[in-house]
Each structure stands twice: as C-alpha cells, then as structure tokens.
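Below: the structure, in structure tokens.
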Amino acid sequence: MSESSRLDQLHFLRRYLLQELARVDSWIAREEERAADTARRTPPPPPDWMISTMSSGHGAIPQGIHTGTCGMAPGNRRPITREQALAALGQGVPACEFCRPDTGLGWLE
C-alpha cells in the first residue's frame, strides 16, 4: 500500500469518525433536553405539614393543621414546619379529623 493511499484512508476514517461523533453529540443534546424537560414538569414533593386559613377583615384566621397530602384542607393552605404545627396545636388550632396530623406529630392534648 502506498503512503498516499494510506494517508487518504486515514483522512477518510477521520472524517467518518467526526461525523459519528457529531451524531452522538446530537443524541446527547436531545437526552439532556428531555431530562431537563422532565425535571421542569416534575412537581415538588408535598410538605410534611400545612395550615389552612380563611381570610377575614382582620387577616388570615387559622382553620386547621393538616398533613401535607390532606385533600380535605379548606381555604388557603400553606406549608409549615413541624415546630410551627406543634405551636399552632398548642395555641388551639384544631387538627384535621381526616388526616390526623396530631398523631403524626405525637401531639397529646
């Protein structure tokens, strides 16, 4: 095999490999976009605890303490910490009768 034809073959191989590399790069870009799209659509996990409130002329009035997945919480809901949930129970805010957050919090009246 002559030097010229060997060099031609190596150049051909290089062009072929560059094309394949470009194809793999496009596959990677598509998969990264799919992963980013999935991450954007995945909802955040529910909070551990939440408080439901009703609006009044004097501000928000606490209605109840709930677990983060309770579907029975009326009014507006917002996530709260464990400490906030215990404090609210201590201040007389009732625990939801359906999801029983007081049991999960270890609250004994």
Side-chain angles (χ1 to χ4, degrees):
M1 184 181 295
S2 72
E3 278 300 310
S4 147
S5 66
R6 181 171 164 78
L7 187 58
D8 289 341
Q9 288 176 345
L10 289 172
H11 279 295
F12 173 81
L13 178 61
R14 182 177 188 282
R15 283 191 307 273
Y16 171 77
L17 292 174
L18 286 173
Q19 289 172 347
E20 290 301 305
L21 183 59
R23 184 178 309 168
V24 170
D25 285 344
S26 73
W27 292 341
I28 290 171
R30 267 187 292 201
E31 286 304 312
E32 288 173 340
E33 181 57 36
R34 275 191 202 131
D37 188 43
T38 299
R40 280 190 298 269
R41 283 192 260 152
T42 303
D48 291 334
W49 314 105
M50 63 181 169
I51 189 167
S52 62
T53 59
M54 292 292 199
S55 297
S56 75
H58 303 294
I61 299 171
Q63 297 295 304
I65 303 300
H66 305 267
T67 61
T69 57
C70 181
M72 300 302 290
N76 298 318
R77 305 172 210 175
R78 67 177 174 82
I80 57 174
T81 65
R82 176 182 178 80
E83 292 73 26
Q84 290 170 321
L86 287 168
L89 289 170
Q91 294 168 359
V93 178
C96 174
E97 295 177 7
F98 298 99
C99 67
R100 301 304 309 179
D102 48 347
T103 303
L105 288 164
W107 177 260
L108 300 173
E109 290 188 51

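Alongside Ile61, the hydrophobic cluster contains no other residue (criterion: ILVMFWY side chains under 4.5 Å). The hydrophobic cluster analysis finds Met50 isolated: no Ile, Leu, Val, Met, Phe, Trp or Tyr side chain comes under 4.5 Å of it, directly or through other members. Counting side-chain heavy-atom gaps under 4.5 Å among Ile, Leu, Val, Met, Phe, Trp and Tyr, the cluster of Phe98 also holds Met72.
Under the rule for a side-chain contact (heavy atoms from CB on, under 4.5 Å), the partners of His58 that lie at least two apart in sequence or sit in another chain are Ser56. Residues passing the side-chain contact (heavy atoms from CB on, under 4.5 Å) test with Thr69 are Pro46, Thr67, sequence neighbours excluded. By the side chain to side chain donor-acceptor pair (under 3.5 Å) test, Ser52 pairs with His66, sequence neighbours left out. Shown here are the side-chain contact (heavy atoms from CB on, under 4.5 Å) partners of Pro79, two or more places apart in sequence or in another chain: Pro47.
The shortest non-hydrogen separation linking Met54 to Gly75 is SD-CA, 3.9 Å. Arg100 and Glu97 get closest at one heavy-atom pair: CD-O, 3.5 Å.
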For Arg14 and Leu18, what are the C-alpha separation, side-chain angles and deciding distance, and is it a side-chain contact (heavy atoms from CB on, under 4.5 Å)?
-> CA-CA 6 Å; Arg14 182 177 188 282; Leu18 286 173; 3.2 Å; yes
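Taking a 6.0 Å sphere around CD of Glu20, one finds it holds more than 12 heavy atoms contributed by other residues, nucleotides or ligands.
Counting only heavy atoms from C-beta outward, the side chains of Asn76 and Ser55 approach each other to under 4.5 Å.
How far SG of Cys70 is from CD1 of Ile65: 11.5 Å, rounded to the nearest 0.5 Å.
Pairs passing the salt bridge (charged side-chain N to carboxylate O under 4.0 Å, His left out) check and including a residue from residues 40-58, sequence neighbours excluded, read Glu33-Arg40, Asp37-Arg40, Asp37-Arg41.
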Show every donor-acceptor pair shorter than 3.5 Å between a side-chain atom in residues 24-32 and any protein atom, with sequence neighbours excluded, or say none if there are none.
from  : atom 1 : to    : atom 2 : distance (Å)
Ser26 : OG     : Arg23 : O      : 2.7
Glu31 : OE2    : Arg34 : NH1    : 2.3

Compile the donor-acceptor pairs under 3.5 Å between side chains in residues 82-90 and protein atoms, sequence neighbours left out, one pair per line.
from  : atom 1 : to     : atom 2 : distance (Å)
Arg82 : NH2    : Leu105 : O      : 3.0
Gln84 : OE1    : Thr81  : N      : 2.8
Gln84 : OE1    : Thr81  : OG1    : 3.3

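A salt bridge does not link Arg6 to Asp8: none of the charged nitrogens lies less than 4.0 Å from a carboxylate oxygen.
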